[in-house]
Amino acid sequence: MATPRLRFAPSPTGYLHVGGARTALFNWLYARKHGGVMLLRIEDTDKARSTDESTRAIFEGLNWLGLQWDEDVVHQGANLDRHRADAERMLANDTAYRCFCTQEELAERRAAAEANKDSFKYDRRCDRLSAADIAARLADNMPFTVRFRVSEGHTSWNDLVHDTISFPNKDIEDFIILRTDGTPIYNMAVVSDDIAMGITLVMRGDDHISNTPKQILLYRALGAELPQFAHLPMIHGLDGKKLSKRHGATAVGDYQHLGILPGAMLNFLALLGWAPGDDIELMTRDEMIALFDTKGLQKKAAIFDTKKLEWMNGQHLNLLPIDELMSRVTPALVASGHVSAEWLAGHSEWYLKLLELLKVRARTVDDIVQQAGPYLTESVVYDPDAVARQWKDRAFTETALAGVHEALSALPGWNATAMEEALRAVAERLGLGDKAGKIFQPLRVALTGSSASPGIFDVLELLGRERSLARLSSALHFIANTTT
RNA sequence: GGCGGUAUCGUCUAGGGGACUAGGACACGGCCCUCUCAAGGCUGGAACACGGGUUCGAAUCCCGUUACCGCUACCA
């Protein structure tokens, strides 16, 4: 079998959408799995809506996801001459004809048909024009479009996800392939490009199912070999409608900025419309390639539920090799303004420990950044809820924290075992028995400002002797000077 | 309206005639672990759209109905 050639062909009219990203992913997985190539084609023939900014966003999104395309990017707009030449070849081999009907006439007839509750279909009147008539109109410089002449019969293909799909040709009108200005219509441009690029498998959203019979007809008229087709289901929002802006974050860039890992995004997207079987859910990129099979492709549209994405991101956060995680977290940490990359590099052992402790209770990179705050700043900000709950009994809190301060200052070293022994002794002394948690919680607030954190001794170690004791003093001071 | 596509827990899905008392995951509830929060383990509730066939036997095959989605442009 020849090398499979696939393409991802977005139009640059917005950001890279999660649906587009998933289409790109499946194309990429198939290509990587079967030793093929995935090309990128920017469909920028709609000048009014296409922007360079969108093109850049598509590149960025794909790069972030690690979906590298092969060969040079194809810009559809650069191939206009070939599109036109292909259409003219069809005119020459009599599979297409000139249509002199104006847009206004067409609109009128369409409106009339609709008023009669009839479905409108071009009546082929220009296909019945005599040669002399055509010559005369051409001599008059009358503008014309080029229409494809749809033959009798039916058009069907064996779709990789839907099996056989068939359309009666009588339901397909003689569609326009070239506008009055000589530019190609979508289906014309796509087929011309797919042939030129040697595409062997067209894998795209199932909103293109109805375009497929038209495209197949064009391949035949051009004498080209048909590619295989695979139509992927759509992605919908929670309300079951096609995913769009009003559903919230739909651009892959949005998720990047929310602290989602590209590996998690890919994994989540892959599971929307594909299942490897055996109840496998968590996969790395390489595992997805190894497991990918069009047999597992789903026919049904999937609903984009970010809850599972977040869970999955938490899983990937823990699966990711720590140095890779570090390279994702460091820029975010620096952006938070609490530290410099240099400082972190100079304290790599400490930084590593911090990450190990935080990653297990974070779901996103942003969670890590937020939780890292207390360890990177000089002073701590008390969470009002935590203060209200954990420092409720002020007298007790004061004696407890003072006792902790005393016990910890007396310690010769600063290690977890010794500290735990000392603090449990304090609890014992205060008559708390084995309920040392009663002093750990107030202590946690004093050290981190929050009632949730890694294990208290890990926090103490991370903060170090000096900062820990200073925070205890500050807490004592805060309590003494606050009236409730 | 016409044409096409789709239909399993709230969501993502396994399932391709008997292994189904329909499995897993997210979310939700409970329990365990525990200094908090997570993570983890155990556990509970929760689905074959409906109606006809075919068959000894149907979530699985066929037909119809319904619902949803897409296309129906000199947009892509």
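Below, read A as the first sequence line, B as the second, and so on, with proteins coming before strands; counting in each chain starts at 1.
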(Q) Rounding to an integer number of angstrom, what distance separates A25(B) and G64(B) when you compare their C1' atoms? (A) 35 Å

Using the P atom as the reference point in each nucleotide, state the distance between G4(B) and G44(B) in Å, no decimals.
46 Å

In numerical order, the residues of residues 356-369 of chain A whose heavy atoms come under 4.0 Å of RNA chain B are V360(A), R361(A), R363(A)

Its contact letters, B for base, S for sugar-phosphate only and - for none at protein heavy atoms under 4.0 Å, make nucleotides 61-76 of chain B read --------SBS-SBBB

With B for base contact, S for sugar-phosphate-only contact and - for none (protein heavy atoms under 4.0 Å), nucleotides 45-50 of chain B reads ------

Tell which nucleotide pairs with [N], taking only Watson-Crick or G-U wobble pairs whose two distances are both under 3.5 angstrom.
| N | answer |
| --- | --- |
| C75(B) | none |
| C42(B) | G30(B) |
| U6(B) | A67(B) |

Which of the following nucleotides, [options], is nearest to the side chain of [X]?
| X | options | value |
| --- | --- | --- |
| I303(A) | C3(B), G5(B), U11(B) | U11(B) |
| A275(A) | C26(B), U13(B), G24(B) | U13(B) |
| K300(A) | C26(B), C35(B), U13(B) | U13(B) |
| D305(A) | C12(B), C35(B), G10(B) | G10(B) |

Quiz item: For the base of A27(B), is there a side-chain donor-acceptor partner from K308(A) under 3.5 Å away?
Solution: no

Checking R137(A) against F100(A): charged group under 6.0 Å from the ring centre and within 45 degrees of the axis?
yes

